[in-house]
Amino acid sequence: MAKGKRMLEGKVAIITGSGRGLGRSHALAMAAEGAKIVVNDLGGEWDGTGQAKGPADDVVKEIKAMGGDAVANFESVTDFNAAKKMVDMAVSKFGRLDIMVNNAGFLRDKMTFNMTKEEWDAVIEVHLTGTFYCGRHACAYWREQHKAGNPINGRIISTMSHAGLLGNIGQPNYASAKLGIGALTMVWGREMEKYGVTANAIVPMARTRMTTQTAGLGGMFEKKEGAFDDMAPENVSPLVVFLASDAAQNINGRWLSIRGGKLESWLPPQLAKVIDIGRKWTPQEIAQRIKELGDLSLPSMAI
Ligand code: NAD
């Protein structure tokens, strides 16, 4: 274990979906900085089917082998009561909860015109609803603690995606869920500020089974021999560690992306331009003057 002052010493974190991929990397990085971890993972296949205990158990073993402390949780984030049990587990096992990392998820990609109701529902449920359930119970816990007079430095760190920010083709379910998580992040930032809790979202990009199983992502995620492995999931986790720490106290309601060596901030939605005529518009007037609002064609996906 690292010596000296660790950024998350004494803190307790739940990380959903931390049996594999980015979540596993966050769990190892947070444990190395002194946090005790509830390693939640349902252990299913890349498309969300099935379940297994192996992935969460293995990460707990890895953390313990490093000299850290962790406990496995095999619940699904899509179960409201199970999300409460995760918070209860952190408190009963480690005495408190400081950090909720919402990371669990899977893909069921289709073009809108081919997508089934089940594909839509499953992806909205695991990302948007799952993030809400876990955040909801964590917020209730922190509010109670605040009311009881206990000092709180709570953190919610949720996971968005470039697919949501840019509106990726073939991912109507996933993109909608991810941008919805961006909205939840701003709501939680405002609702929980007075209780000593911040909420932020990360926008990662890394080589995991999610990206390698997705058709069309091609070579950009491949390991480059002899060069900086920019798509290694470990490159994302330092941002999660930082946001979870006391050093990030003044960052709230924000979306930050990290991919390889690039640390990037995204502007929150903001009013771009106003033409106020002080009375009702006619459609003809809108047609005449719409150009004054600038270029309104389909936004670019370039990043
Ligand atoms: P991954 O498939 O390696 O990991 C996701 C984990 O979530 C798996 O271990 C899986 O078992 C778990 N999980 C799935 N459903 C669950 C449920 N109902 N309850 C509990 N656990 C569940 O994929 P990843 O790339 O590490 O994805 C992690 C997060 O990062 C996801 O939210 C994903 O959308 C997001 N993300 C990833 C990338 C990327 O480039 N990899 C980009 C943008 C966003």
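Order of appearance sets the numbers: ligands from 1, and atoms from 1 within every ligand. Side chains are part of it too, since the values below use all heavy atoms of this structure and drop only hydrogens, waters and symmetry mates. These numbers come from a predicted model, not from an experiment.
Nearest-residue assignment for atom 40 (O) of ligand 1 (options Gly17, Ala56, Ala206; heavy-atom criterion): Ala206. Considering Asn103, Val236, Thr212, Val123 only, the shortest heavy-atom separation from atom 32 (O) of ligand 1 involves Asn103.
Here's the thing with His162: none of its N/O atoms is less than 3.5 angstrom from an N/O atom of ligand 1.
Scanning both residues, Met100 and Cys134, for their nearest heavy atoms gives CE-O, 3.5 Å.
In summary, the side chains of Glu119 and Thr116 do present a donor paired with an acceptor at a separation below 3.5 Å, with no hydrogens or angles considered.
Residue contacts with ligand 1 leave out Thr16, since none of its heavy atoms falls under 4.0 Å from the ligand. Using a 4.0 angstrom heavy-atom cutoff, Trp46 does not count as in contact with ligand 1. Under the 4.0 angstrom criterion for non-hydrogen atoms, Gly44 is in contact with ligand 1. At a 4.0 Å cut-off, at least one heavy atom of Gly43 sits close enough to ligand 1 to count as contact.
Listed by first and then second residue, the side chain to side chain donor-acceptor pair (under 3.5 Å) pairs involving residues 292-303 are Arg289-Glu292, Asp295-Ser297 (not counting sequence neighbours). Residue pairs satisfying the side chain to side chain donor-acceptor pair (under 3.5 Å) criterion with at least one member in residues 172-186, sequence neighbours excluded, are listed as follows: His127-Lys178.
At a 4.0 Å heavy-atom cut-off, ligand 1 does not touch Arg207 at all. By the criterion of a heavy-atom distance under 4.0 Å, both the backbone and the side chain of Val77 are placed next to ligand 1. Of the heavy atoms in Leu22, both backbone and side-chain atoms come closer than 4.0 Å to ligand 1. Residue Val203 does not touch ligand 1, judged by heavy-atom distances below 4.0 Å. Counting heavy atoms under 4.0 Å from ligand 1, residue Leu42 touches it through both backbone and side chain.
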(request) Verify side chain to side chain contact (heavy atoms under 4.5 Å, CB included) between Val77 and Tyr133, making sure each step is shown before the conclusion. (result) CA-CA 7 Å; Val77 297; Tyr133 287 170; over 6 Å; no
